[in-house]
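Notes to accompany the following structure.
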Amino acid sequence: MCRGLRAAIGGRVIARVHQRRSGLRQPFPRGFAKRLTGRRVEAIDRRGKYLLIRLDDGVVLIVHLGMSGRMVVGARRNRFDTHDHVVFETADGPDVVFNDPRRFGLMDLVAADRLDRHKLLRGMGPEPLDTAFTPAVLGAALAGRKTAIKAALLDQRIVAGLGNIYVCEALFRAGISPRRRAGTVGPAQAARLVPAIKGVLADAIAAGGSSLKDYVQADGELGYFQHHFAVYDREGKPCPGCRCGGGVKRIVQGGRSTFFCPNRQR
DNA sequence: AACAAGACCTGCATGC
DNA sequence: TGCATGCAGGTCTTGT
């Protein structure tokens with residue numbers, strides 16, 4: 001998403017903003033549309049699941065897609081679809097439409113020099129694709145935790161950016177049971193888990209993400225990593241390379257579905 | 001302090 | 001056909 005937006009609107013001026021409701025998961029900040037109008041997009045990057053759209057006046061537009069949000073780049077449209085909540089028109093460039101049926105997404109504005117202290121970003125764990133994210137770092141973050149490793153990896157303070165799909169897939173690749181207490185993940189397992197996390201994310205990004213219902217890339221194309229899931233949403237089906245019977249199991253942890261292979265994950 | 005459960009929303013598949 | 005139920009890429013708040 002970040003790369004797609006960068007290619008489409010990086011360097012462009014936001015000519016007009018249609019704000020079609022007062023907020024999403026949280027209210028839009030005061031003067032939201034007006035503060036964006038006329039600004040040039042200087043850079044687009046990301047921290048965890050938050051898109052950071054940096055503007056030429058030193059303000060950063062923070063965007064989270066929640067569960068069902070999408071940012072779609074396209075030609076000017078003369079009508080809005082249901083759940084098109086914010087539409088950004090660029091000068092001499094495409095529109096960007098933020099559409100989010102469930103409205104679990106959010107947008108906020110913050111001064112760039114206060115970004116690290118922003119409530120949403122403060123306390124967030126390391127970026128999983130950074131070289132600084134090592135087995136030793138993960139092991140230290142997990143030490144002493146009694147919660148299940150599944151829940152710990154979903155905790156954005158432990159490591160940033162992992163969601164339900166990629167946690168399930170990473171635990172499968174690492175051969176670690178989602179029910180294992182986080183504090184019992186030792187050096188040998190952390191040494192498998194870190195590359196498993198990096199590998200799953202790299203593969204998913206290369207595939208354009210995972211399209212279940214809502215997610216599309218910025219250009220509207222579907223991602224196709226969902227066709228490469230080993231365990232996620234594959235209850236009862238065999239996991240790759242596993243010929244022990246039974247197949248993939250589904251359990252509920254913290255109110256979320258977990259998919260795993262009891263034979264390959266301990 | 002750490003953890004689980006509930007809340008926030010809409011849409012879709014399933015079963016009666 | 002209609003209706004009820006359960007589930008969904010997340011995370012914040014509340015209660016134990």
Side-chain angles (χ1 to χ4, degrees), chain A residues 1-2 4 20-28 46-51 62-72 80-86 98-108 118-125 128 141-172 178-184 197 200-201 203-205 207-218 220-236 250-259:
Chain A
M1 177 61 64
C2 183
R20 308 194 58 241
R21 57 186 309 123
S22 61
L24 298 164
R25 197 175 86 212
Q26 62 178 230
F28 293 118
R46 172 193 68 71
R47 177 79 173 97
K49 298 173 188 171
Y50 293 96
L51 282 168
I62 302 177
V63 179
H64 195 294
L65 300 175
M67 297 271 263
S68 57
R70 51 169 75 178
M71 294 269 268
V72 179
F80 298 120
D81 286 346
T82 315
H83 311 309
D84 283 351
H85 304 310
V86 181
F98 179 90
N99 179 288
D100 182 10
R102 295 178 72 180
R103 305 204 299 275
F104 288 169
L106 67 81
M107 293 191 195
D108 202 0
H118 191 281
K119 184 182 170 187
L120 296 167
L121 303 181
R122 197 181 5 156
M124 191 173 277
L142 297 176
R145 297 214 168 227
K146 291 181 181 162
T147 194
I149 184 66
K150 162 75 189 307
L153 294 178
L154 283 175
D155 185 340
Q156 304 295 297
R157 295 170 300 184
I158 303 277
V159 55
L162 297 184
N164 203 31
I165 291 175
Y166 301 124
V167 167
C168 291
E169 294 294 314
L171 286 170
F172 172 77
R179 292 196 266 226
R180 174 183 281 276
R181 288 186 181 206
T184 72
I197 290 167
V200 164
L201 293 177
D203 291 350
I205 290 168
S210 305
S211 295
L212 302 187
K213 289 184 188 309
D214 301 294
Y215 177 74
V216 291
Q217 300 177 69
E221 289 294 306
L222 299 177
Y224 55 87
F225 190 67
Q226 65 277 13
H227 302 305
H228 299 285
F229 291 163
V231 290
Y232 185 83
D233 202 21
R234 289 179 49 81
E235 183 178 16
R250 175 185 176 271
I251 60 174
V252 175
Q253 295 177 288
R256 318 279 315 270
S257 286
T258 299
F259 299 91

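These numbers come from the heavy atoms of this one structure, side chains and all, not from hydrogens, waters or symmetry mates. Numbers restart at 1 for each chain; the letters A, B, ... are given by sequence-line order, proteins then strands.
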With a 4.0 Å cut-off on heavy atoms, is Arg256(A) in touch with a base, just the backbone sugar-phosphate, or nothing at all?
base

For the student: nearest non-hydrogen atoms of Val159(A) and Pro128(A), plus distance:
CG2-CB, 3.8 Å

Lys119(A) atom NZ is separated from dC12(C) atom P, nearest whole Å, by 8 Å

Taking the P atom of each, how far is dG6(C) from dG6(B), in whole Å?
13 Å

Calculate the interatomic distance between Arg181(A) atom CZ and dA2(B) atom C1'; express it in whole Å.
12 Å

Mind listing the closest non-hydrogen atom pair of Gly208(A) and Gln217(A) along with its distance?
O-CG, 3.3 Å

Distance test, side-chain N/O of Lys49(A) to OP1/OP2 of dG10(C), below 4.0 Å
yes

Minimal heavy-atom distance between Leu142(A) and Ala152(A), with the atoms involved, is CD2-CB, 3.8 Å

How far apart are the closest heavy atoms of Asn99(A) and Thr82(A), and which atoms are they?
ND2-O, 3.0 Å

Indicate yes or no for a side-chain donor-acceptor contact from Gln253(A) to the backbone of Lys150(A) under 3.5 Å, with no hydrogens or angles considered.
no

Quick check for you: to the nearest 0.5 Å, what is the distance between Leu171(A) atom CG and Arg180(A) atom CZ?
10.5 Å

Any idea which of dC12(C), dG10(C), dA8(C) is nearest the Leu120(A) side chain?
dC12(C)

Are the side chain of His85(A) and the backbone N or O of Arg103(A) linked by a donor-acceptor pair below 3.5 Å?
no

Give me the atom names and distance for the closest heavy-atom approach of Phe225(A) to Val200(A).
CZ-O, 4.1 Å

Indicate, with a heavy-atom threshold strictly under 4.0 Å, whether Tyr50(A) touches base, sugar-phosphate, or nothing.
sugar-phosphate

For DNA chain B, just give me the dot-bracket, please: Watson-Crick or G-U, both distances below 3.5 Å, ( ) intra-strand, [ ] crossing earlier pairs, | paired with another strand, . unpaired.
.|||||||.|||||||

Under 6.0 Å from the CZ atom of Arg20(A), do we count more than 12 heavy atoms belonging to anything else shown?
yes

Sole candidate of Ile251(A), Val167(A), Leu154(A) that passes side chain to side chain contact (heavy atoms under 4.5 Å, CB included) when paired with Arg256(A):
Leu154(A)

Which value, in whole Å, describes the distance between the P atoms of nucleotides dA5(B) and dC7(C)?
14 Å

NA contact type, Gln156(A), heavy-atom cut-off 4.0 Å: base, sugar-phosphate, or nothing?
sugar-phosphate

Would you mind telling me which of dA4(B), dA8(C), dT11(C) lies closest to the side-chain atoms of His64(A)?
dT11(C)

Spacing of Arg47(A) atom CZ relative to dG10(C) atom C1', expressed in whole Å
17 Å

Would you please confirm or rule out a distance under 4.0 Å between OP1 or OP2 of dC7(C) and any side-chain N or O of Ser257(A)?
no

At under 4.0 Å, does any side-chain N or O of Ser68(A) touch on OP1 or OP2 of dG11(B)?
no

Rounding to a whole Å, what distance do you find between Leu106(A):CG and dC12(C):P?
8 Å

Which whole number of Å gives the distance between the P atom of dT11(C) and that of dC12(B)?
23 Å

Reading 5' to 3' through nucleotides 5-10 of chain B, protein heavy-atom contacts under 4.0 Å coded B for base, S for sugar-phosphate only, - for none:
---BBB

